[in-house]
Structure formats: structure tokens, C-alpha cells
Amino acid sequence: MSEAASTRVALAKNTTSRKTTRRHPTSGTGTKALLPSLAPLLHEWVPRQRWFAGKGRPVTGFSLVAATEILPLDATATGPGLLHLLVRVHQPGSGQAHPQGDCYQLLLGVRTALPQRLAGARIGQVTEGPLAGRTLYEGLHDPRVADLLLERFRNPGSLGPLHFDRAEPIPPGLTPRVLDAEQSNSSLVFGDAFILKIFRRVFPGTNPDLELPLALGREGCGRVPAPVAWFEAATGPEPLTLGVLQPFLRGARDGWQLALAALAAGRDFLPEAHALGRATAEVHTALAAALPTPPLAHDRTRHLVAGMVERLEAAAQAVPALVPYVPGLRTAFDAVAALGGTGRGWDAQRVHGDLHLGQTLCGEDGFWSLIDFEGEPARPLPERRSPQPTVRDVAGMLRSFDYAARSHHPWNPEWAARCRTAYCEGYARAAGSDPRGEPELLRAHETDKAVYEVLYEARHRPDWLPVPMAAIQRLAAAPA
């Protein structure tokens with residue numbers, strides 16, 4: 001029997017029969033002993049992962065939120081077990097939103113001996129506790145483990161605190177592969193038919209990357225791939241969204257790659273930018289039809305500006321190079337506050353929340369799609385799920401054109417300026433209103449985005465810091 005077949009047999013047994021006299025590592029006293037036995041390995045491994053958000057602060061401990069054996073860890077098994085953990089990572093200065101630390105999702109493979117093909121996924125050997133003597137590894141890199149996850153989606157239902165659901169049938173036998181580009185999440189592609197995004201840092205409440213594509217699908221918006229399946233965890237009053245399976249847009253290239261290719265070839269990106277503006281407007285229109293659109297009245301405007309000012313001050317404390325520009329940047333936020341004080345209001349609705357060229361895909365037929373509706377992962381989930389002015393997405397894309405231009409040598413600011421104009425014109429053509437018609441609101445959101453970029457680059461990619469700092473200089477000098 002093949003490895004994949006034996007995994008499916010084990011899954012079937014685990015699904016159909018819950019009565020057993022065996023003590024699993026995650027049952028009874030084994031649960032209490034599990035995390036302390038894994039903590040030394042996790043302490044070294046977790047902070048090195050690209051998706052770990054707490055870089056720069058020491059890890060002081062772990063606490064177990066939930067542990068589930070998706071594939072039982074039998075003492076006599078020669079193949080893998082799959083252990084699903086929700087672990088809270090404790091660090092000093094975790095913040096008011098999550099004072100006890102962030103919760104992370106781990107899918108850990110367990111084997112008595114690790115094959116050479118999985119050597120790069122190795123976490124380490126457990127020396128004590130219920131898994132003593134076994135090797136722990138990143139389970140997503142194991143095709144048997146990935147196949148197991150797809151089987152769960154094909155046969156939805158609950159397993160402990162985990163619940164698997166699907167919107168349409170899923171064919172069997174799709175070969176899995178891990179996408180190399182690790183970001184704040186992890187992704188698996190199955191047979192070039194589906195892509196599974198695994199959320200690493202998880203929060204109570206439905207993730208927008210599930211909520212918004214489902215809403216857009218109900219509206220018939222074809223600009224966003226509709227979820228095929230998803231899974232959640234019930235560990236409290238609100239569910240934790242753990243992963244979403246969507247159609248994989250085979251042959252599509254992301255907007256960032258296409259923009260850099262255009263720059264390298266010395267050509268404009270104007271048709272693409274115009275089409276991207278149109279696609280963005282169509283998504284905004286569909287979201288406004290699908291979900292509530294409360295007005296951004298005076299109190300909410302004041303709250304919006306206060307958040308921008310708070311983020312600016314926090315970023316200036318963390319990045320000293322930002323300090324000289326703070327007074328000029330504040331004028332962008334003050335202008336919106338002043339308009340709000342006169343009774344000026346704006347429309348608000350659900351938006352993408354983190355729109356840039358890398359969140360767009362262009363198919364071989366030239367059709368543009370928007371992806372990754374999670375929002376900025378660094379921001380609290382309630383904020384990411386709150387209605388916002390649509391210019392927030394527009395500002396993100398305008399900043400992305402600037403990033404692309406700055407990535408090319410020599411720098412081509414005129415290229416970025418023409419793209420920004422074409423994008424806004426495409427948006428206006430589809431939406432009926434030009435985002436540049438709200439200059440104060442657009443400048444404030446572009447400033448807020450640039451401040452976020454400065455803090456991100458300083459923490460994660462210091463070599464890129466000059467890119468947002470160039471925008472900071474421009475925005476700080478702009479007339480109020």
C-alpha cells in the first residue's frame with residue numbers, strides 16, 4: 001500500500017471510530033505534558049519563521065490553547081502523525097490587544113525517523129514527554145500530511161475543536177506542493193487546481209480573507225476567487241479562522257512581477273494600471289452592495305485620525321529617522337480632522353485593507369483578480385473588519401506603484417506618476433467618482449500607509465527603508 005493510501009485509511013479509521021483504549025499523546029495527562037516537552041524545540045524554531053510577528057522581542061514561554069491529533073500518533077506507526085496545535089506565545093510588550101501573547105497555528109508532523117526528503121523541514125527530536133524519541137517537523141512540507149488536509153476538506157465535519165466545511169465538491173488525488181514564497185501565512189497548491197492558505201497568527205472572529213470573498217461570491221463578483229472550503233477552531237465565544245481553500249489561478253502572474261518586467265523593458269504600465277483601477281472599483285462596488293456602508297461621521301472621523309496619529313507617534317519612537325518629518329506628516333491628519341469638525345462626512349464600507357500590486361493577479365487573458373483580503377496582519381482584527389473609506393485601498397496601490405519604480409535602477413518617478421494617474425482614471429471610469437476628488441482623505445491615507453511601511457521595513461527589511469522614507473519626505477513637504 002502506498003504512503004498516501006495508508007494515510008487515507010488511517011484517516012478513515014480515525015473518522016469512523018472514536019472508541020479506543022489507547023492513550024494518545026494529546027489525551028488525558030498526555031496533553032498536560034505535551035507542550036512542556038515541545039517547548040525547547042519551539043523556542044528555537046518559532047522565532048525563526050517568516051510568519052512569526054514577534055521578532056525583536058524575546059519569547060518567554062508558551063501556553064496551549066488547543067491540541068488535536070488529525071492523524072493519530074500510534075506508538076507502532078511507521079508513517080507520520082499529524083498534530084494540530086494552537087499555541088499562545090508569551091513575549092514582553094505584547095500590547096493591549098493581546099496582553100497574553102499572540103496565538104499561532106502549528107501543523108506538526110511526527111515520525112519515528114525522518115526521510116531525507118524532509119530533512120529541511122526538521123524541527124528536532126523530542127527528548128521527553130509523550131513524544132519522546134520522535135522527530136518533530138513542519139508538517140506542511142510532507143505530501144502525506146498535505147494530502148490528509150485535503151481529505152478533511154473533501155469529507156467535512158468536526159474533529160475536536162476543529163471544524164472543516166466546504167462550498168462545493170473537491171476531486172481526490174491532487175498532488176500537493178508548498179509555495180516557496182513564505183509570507184505572514186503558509187500556502188499549499190493542490191494539483192494546480194486549488195490553493196490552501198494556512199493562517200499562522202490567528203485571532204477570534206472570522207478572518208476577512210474568508211468573510212469578504214464569500215460575500216463577493218454571493219454578489220457574483222468574478223474579480224475574487226470564491227472560497228471552496230475552509231476550516232475553523234472553536235476555542236471560545238468566536239471562531240478562529242484557520243485556513244481557506246480557493247481556486248488556483250493557473251498561469252496568472254502577480255501585478256508586482258508584471259510591473260517590474262515593464263520597468264526592466266523600459267515600457268509604460270498604463271493599460272495594466274488602468275485595468276487595475278477598474279478591477280478595484282468593481283470589487284468596492286460589490287462589497288458595498290453585499291455589506292453595510294455606515295457613514296464616516298464626525299465621531300468616527302475623529303477616531304480614524306486618532307489612530308493615524310497614534311501609529312505615527314509609535315513609528316517615530318521605533319524609527320528615529322522618522323522624527324524630523326513628524327510635524328509635516330501631522331498636517332495631513334489635521335486636515336481631515338478639521339474637515340470632520342465642520343460636519344464633513346465620508347462614505348465608509350468594507351475594503352481590501354492591504355491592497356498593493358502583489359495582491360493582484362493577471363490571467364493569461366488579461367483579466368485582473370484581487371486576492372488576500374486578510375488586511376494588514378499587524379493591525380487588530382476588529383479594525384481590519386471595520387468599514388473604511390475606499391481611498392484606503394487606493395492609497396495602498398498608489399504606494400505600490402512608487403515601490404515598483406524605486407525597485408528599478410535608475411529610479412523612474414515619472415513612471416510611477418503616470419501609473420498613479422492611469423489607476424485613478426480606471427477607478428473613476430468604473431466607480432463613477434475619482435478618488436482624487438477627496439485630496440485630504442487620500443493624502444492622509446497615503447501618509448498612514450507610508451508610516452506603516454517605514455516601521456515594517458525597519459523591522460524586517462532595513463535595506464528597503466529608503467523606499468518609504470522617500471515618500472515620507474514628499475508627503476511631509478506637501479501643502480496642507
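These numbers come from a predicted model, not from an experiment.
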Are the side chains of [X] and [Y] in touch, meaning some heavy atoms are under 4.5 Å apart?
X	Y	value
Leu107	Leu85	no
Pro389	Leu296	yes
Leu196	Trp230	no
Thr447	Met308	no
His43	Phe62	yes

Apply side-chain contact (heavy atoms from CB on, under 4.5 Å) to the pair Val336 and Trp346, showing each step before the final yes or no.
CA-CA 11 Å; Val336 174; Trp346 291 275; 4.0 Å; yes
How long is the gap from [atom1] on [X] to [atom2] on [Y], to the nearest 0.5 Å?
X	Y	atom1	atom2	answer
Leu86	Leu162	CG	CG	7.0 Å
Leu249	Asp254	CG	CG	11.5 Å
Leu475	Arg443	CG	CZ	6.5 Å

Side chains of [X] and [Y] only: does a donor on one sit below 3.5 Å from an acceptor on the other?
X	Y	result
Arg201	Ser184	no
Thr280	Glu282	no
Ser158	His163	yes
Gln105	His84	yes
Tyr137	Arg111	yes

Give me the atom names and distance for the closest heavy-atom approach of Trp256 to Ser400.
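The answer is CZ3-O, 4.0 Å.
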Report the C-alpha separation of Asp165 and Arg152 in whole Å, then their side-chain angles, then the decisive distance to 0.1 Å, and conclude whether the salt bridge (Lys or Arg N to Asp or Glu O under 4.0 Å) test is met.
CA-CA 9 Å; Asp165 206 348; Arg152 279 289 170 195; over 6 Å; no
Count the heavy atoms belonging to other residues, nucleotides or ligands that lie under 6.0 Å from [atom1] of [X], then report whether that count exceeds 12.
X	atom1	result
Arg330	CZ	no
Asp347	CG	no
Glu168	CD	yes
His303	NE2	no
Arg459	CZ	no
Arg461	CZ	yes

For Leu355, the option from Arg392, Met397, Arg399 that meets side chain to side chain contact (heavy atoms under 4.5 Å, CB included):
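Result: among Arg392, Met397, Arg399, Met397 is the only option passing the side chain to side chain contact (heavy atoms under 4.5 Å, CB included) with Leu355.
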Does the side-chain contact (heavy atoms from CB on, under 4.5 Å) test come out yes or no for Phe269 and Leu263, once each step is laid out?
CA-CA 8 Å; Phe269 196 63; Leu263 279 160; over 6 Å; no
Taking the ring centre of each residue, are Trp51 and Tyr104 less than 6.0 Å apart?
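Yes, the ring of Trp51 comes within the 6.0 Å limit of the ring of Tyr104, centre to centre.
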Pair Phe194 and Phe248, ring centroids less than 6.0 Å apart:
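No; Phe248 has its ring centre 6.0 Å or more from that of Phe194.
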Treating [X] as the side-chain partner and [Y] as the backbone partner, does any N or O pair qualify as donor plus acceptor under 3.5 Å?
X	Y	value
Thr206	Glu211	no
Thr241	Asn207	yes
His352	Ile371	yes
Asn155	Glu151	yes
Gln388	Val351	no

Are Asp393 and Arg350 close enough for a salt bridge, meaning some N to O gap below 4.0 Å?
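Salt bridge between Asp393 and Arg350, a charged N being under 4.0 Å from a carboxylate O: no.
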So does Lys449 pair up with Asp354, basic N to acidic O under 4.0 Å?
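A salt bridge is present here (some side-chain N lies under 4.0 Å from a carboxylate O).
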Please assess Tyr427 against Arg278 for the test side-chain hydrogen bond (donor to acceptor under 3.5 Å, both in side chains), listing each intermediate value before the final yes or no.
CA-CA 5 Å; Tyr427 188 100; Arg278 185 178 187 88; over 6 Å; no
Tell me whether the guanidinium CZ or amine NZ of Arg384 lies under 6.0 angstrom from the six-membered ring centre of Phe203 and within 45° of its axis.
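Cation-pi check for Arg384 and Phe203: passes.
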Take Asp448 and Arg379 through the test salt bridge (Lys or Arg N to Asp or Glu O under 4.0 Å) and record every step on the way to the result.
CA-CA 13 Å; Asp448 188 44; Arg379 297 195 178 185; 3.0 Å; yes
When you look at Glu374 and Asn185, which way does the side-chain hydrogen bond (donor to acceptor under 3.5 Å, both in side chains) test go after all the steps?
CA-CA 10 Å; Glu374 186 180 2; Asn185 303 296; 2.7 Å; yes
Is there a side-chain contact (heavy atoms from CB on, under 4.5 Å) between Leu329 and Leu322 once you walk through the steps?
CA-CA 10 Å; Leu329 299 174; Leu322 195 58; 4.1 Å; yes
Could you work out, with side chain to side chain contact (heavy atoms under 4.5 Å, CB included) as the rule, every residue matching Gln473, not counting sequence neighbours?
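Gln473 satisfies side chain to side chain contact (heavy atoms under 4.5 Å, CB included) with Tyr325 only.
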List the steps and the verdict of side-chain contact (heavy atoms from CB on, under 4.5 Å) for Arg253 and Cys362.
CA-CA 5 Å; Arg253 298 179 64 190; Cys362 184; 5.6 Å; no
